[in-house]
Amino acid sequence: MIWEAMEIVVLVGVLLILYSERVNHSGSWSAAVTPLASIIGSGFLVSGPVLVSVFSQQAPIAMLLVVAAAYLLGEVIRFNICNAEPILNAESTNDLPIGIATALYRRLKSVETLADLSLGFAYVASVAFYIRLLAAFALKIFNIENDVLADLLASVLLLTIAGIGWFRNLKGLVFIEKHAVNGKLSIIACLLVALGVHYFSLDSGTAGVASDLVFAPVESLWNFENFRYLAGVLLIVQGFETSRYLGNHYPAATRIGSMRLAQILSAVIYCLFILWSWRLFVGMNGEANETEIISVVGSLSLLLPYLLAFAAILSQFSAAIADTLGAGGLQVQLSKAKISEQQGYVLVCTLAVVLIWATDIFSIITIASRIFAIYYLFQTLIALLTGYAIKRHVLHTVLQFAALVLLLFVIIFAKPLAA
């Protein structure tokens, strides 16, 4: 009972911090909630067994590489918010910043259109997947496995999100999203405390590693095939690009700072989760089944399984809202403001409903994962073109070129994971 009491204290403590006046009314935190909700989506729990099945005891290092690569891509998006947006937002060539050539403006516009079109499809598939997975998971808690009922529940949830978006606009969706993220973060804090206590209390000769585990030779883990899996895991921690499409509500400086905060906080969460839990997933063979994962992690205390089941639902719901918000802003940009954000929310949710009933979402999300990588590739091209025009420091060019190479590898070789 002592562990359950400690978890309740942590849960309440984190909630009090997140609902404090300083945090709850902070514009920076409100702006960070959307990318944070998308980054820590349904892939959070499945990342553990997947990485452990491939990298064994090297899983924490593998996750560190993943979040470092994601941060690099985040820097590309932040560079574009600061430097490319003023060019792309020009109504005509007459409104271009001083020193920017018309040819560059048109080239950037073309690449941006391709990026937005690819992201639009990926968002629809992503929103459909998150909500459909939520519906299936919620029903499974009550031992109900029925595809038709799951499709109906998912449709009701999507239409509810569309209705809130239509009548309350961004504020209504952010209000729900913020509560979902607060609840999710408080439960994750409980999980990390339980895992940390378990990790440091293990009776072993090395820090937190049981002596009876058989380790794979390190040199056999870092091979081409495993790097393909690692590239697929990179797509689990995407979602920070949503900040790029909240420009109607937050200034560039706020979006840049809040996106960086979201990436750093999520990176710490992902890395600690893998570091303190990897030995629990040995023998799971990478099964990305949240109910099984919750059962394994929940063995640490009686309270955790219930909290994690609730957190899984909140993760999928908040991630779906985050992508809906990003998609709404994207529709405004694509239509040159002919479609409002409210109409964009309804359009995305409606298409997601159609997708749920017309296709197998679990196969569509695999395609969507690669399209996210293509979107980041286009954004990297925009950064390179912009950086060359405004003569940014050579370090920016080197990092952006590295991101370009990384994304080409992801697009060609990655084994995407449904998350």
Side-chain angles (χ1 to χ4, degrees), residues 1-20 22-24 29 32-33 36-49 51-52 59-60 63 67 133-134 137-138 140-141 176-202 207-208 236-237 261-281 284 288-319 321-322 419:
M1 290 296 293
I2 187 171
W3 303 124
E4 285 75 12
M6 183 172 64
E7 288 162 17
I8 292 173
V9 169
V10 172
L11 181 75
V12 173
V14 173
L15 283 174
L16 287 175
I17 293 172
L18 293 176
Y19 281 108
S20 66
R22 182 176 181 179
V23 175
N24 199 37
W29 177 248
V33 162
L36 188 60
S38 191
I39 296 169
I40 309 179
S42 62
F44 172 66
L45 289 176
V46 304
S47 63
L51 280 178
V52 171
M63 178 51 77
V67 297
L133 191 63
L134 184 158
F137 183 74
K140 197 167 184 177
I141 292 175
I176 296 174
E177 181 186 47
K178 184 181 287 187
H179 288 301
V181 170
N182 287 352
K184 176 171 64 177
L185 289 179
S186 62
I187 293 172
I188 288 174
C190 290
L191 171 63
L192 292 179
V193 167
L195 290 173
V197 169
H198 174 70
Y199 178 86
F200 288 109
S201 65
L202 291 174
I236 284 181
V237 298
L261 171 63
Q263 281 202 284
I264 292 173
L265 181 57
S266 61
V268 171
I269 289 172
Y270 270 101
C271 288
L272 287 180
F273 174 63
I274 297 295
L275 177 63
W276 290 343
S277 69
W278 70 267
R279 65 183 303 278
L280 295 173
F281 300 131
M284 286 194 69
N289 184 319
E290 284 187 315
T291 53
E292 293 296 325
I293 296 164
I294 288 172
S295 177
V296 171
V297 176
S299 64
L300 302 178
S301 80
L302 296 175
L303 186 61
L304 269 181
Y306 303 100
L307 290 176
L308 291 180
F310 189 51
I313 292 174
L314 290 178
S315 291
Q316 291 150 15
F317 190 61
S318 60
I321 291 181

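- Lys184 places a side-chain N or O within 3.5 Å of a backbone atom of Ile40 that can act as its donor or acceptor partner.
- Distance check: Leu15 CG to Ile187 CD1 gives 8.5 Å after rounding to the nearest 0.5 Å.
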Take Lys178 and Asn24, measure what side chain to side chain contact (heavy atoms under 4.5 Å, CB included) needs, and give me the verdict at the end.
-> CA-CA 9 Å; Lys178 184 181 287 187; Asn24 199 37; 3.4 Å; yes
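- Closest heavy-atom contact between Ala37 and Val181: CB-CG2, 3.5 Å.
- In this structure, Ile8 CD1 and Ser186 OG are separated by 12.0 Å, a value rounded to the nearest 0.5 Å.
- Within a 6.0 Å sphere centred on OH of Tyr306, other residues, nucleotides and ligands contribute 12 heavy atoms or fewer.
- In this structure, Ser301 contributes its side chain and Leu304 its backbone to a donor-acceptor pair below 3.5 Å.
- The distance from atom CG of Leu18 to atom CH2 of Trp29, rounded to the nearest 0.5 Å, is 5.5 Å.
- Taking CG of Leu303 as the start and CG of Leu308 as the end, the distance is 9.0 Å to the nearest 0.5 Å.
- What you find for Gly48 and Ile274 is that their closest heavy atoms are CA-CD1, 3.3 Å.
- In this structure, the ring-ring contact (aromatic ring centres under 6.0 Å, His included) partners of Tyr270, at least two apart in sequence or on a different chain, are Phe44.
- The aromatic rings of Tyr199 and Trp276 lie tilted to each other, with the angle between the two planes from 30° to 60°.
- Distance CG/Leu192 to CG/Leu272: 6.0 Å, rounded to 0.5 Å.
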Could you go step by step and tell me if Val237 and Ser266 meet the side chain to side chain contact (heavy atoms under 4.5 Å, CB included) rule?
-> CA-CA 8 Å; Val237 298; Ser266 61; over 6 Å; no
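- Shortest non-hydrogen contact noted between Pro60 and Trp278 is CG-CD1, 4.0 Å.
- Pairing each heavy atom of Ala312 with each of Phe137, the nearest pair is CB-CE2, 3.7 Å.
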Going through the distances and angles, do Val193 and Glu7 end up as a side chain to side chain contact (heavy atoms under 4.5 Å, CB included)?
-> CA-CA 7 Å; Val193 167; Glu7 288 162 17; 5.7 Å; no
CA sep, side-chain torsions, deciding dist, call: Phe317, Ile176, side chain to side chain contact (heavy atoms under 4.5 Å, CB included) = CA-CA 10 Å; Phe317 190 61; Ile176 296 174; 3.5 Å; yes
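- Within the model, atoms CG of Leu195 and CD1 of Ile188 stand 11.0 Å from one another, a figure rounded to the nearest 0.5 Å.
- The two residues Leu314 and Ala180 come nearest to each other via the heavy atoms CD1-O, 3.8 Å.
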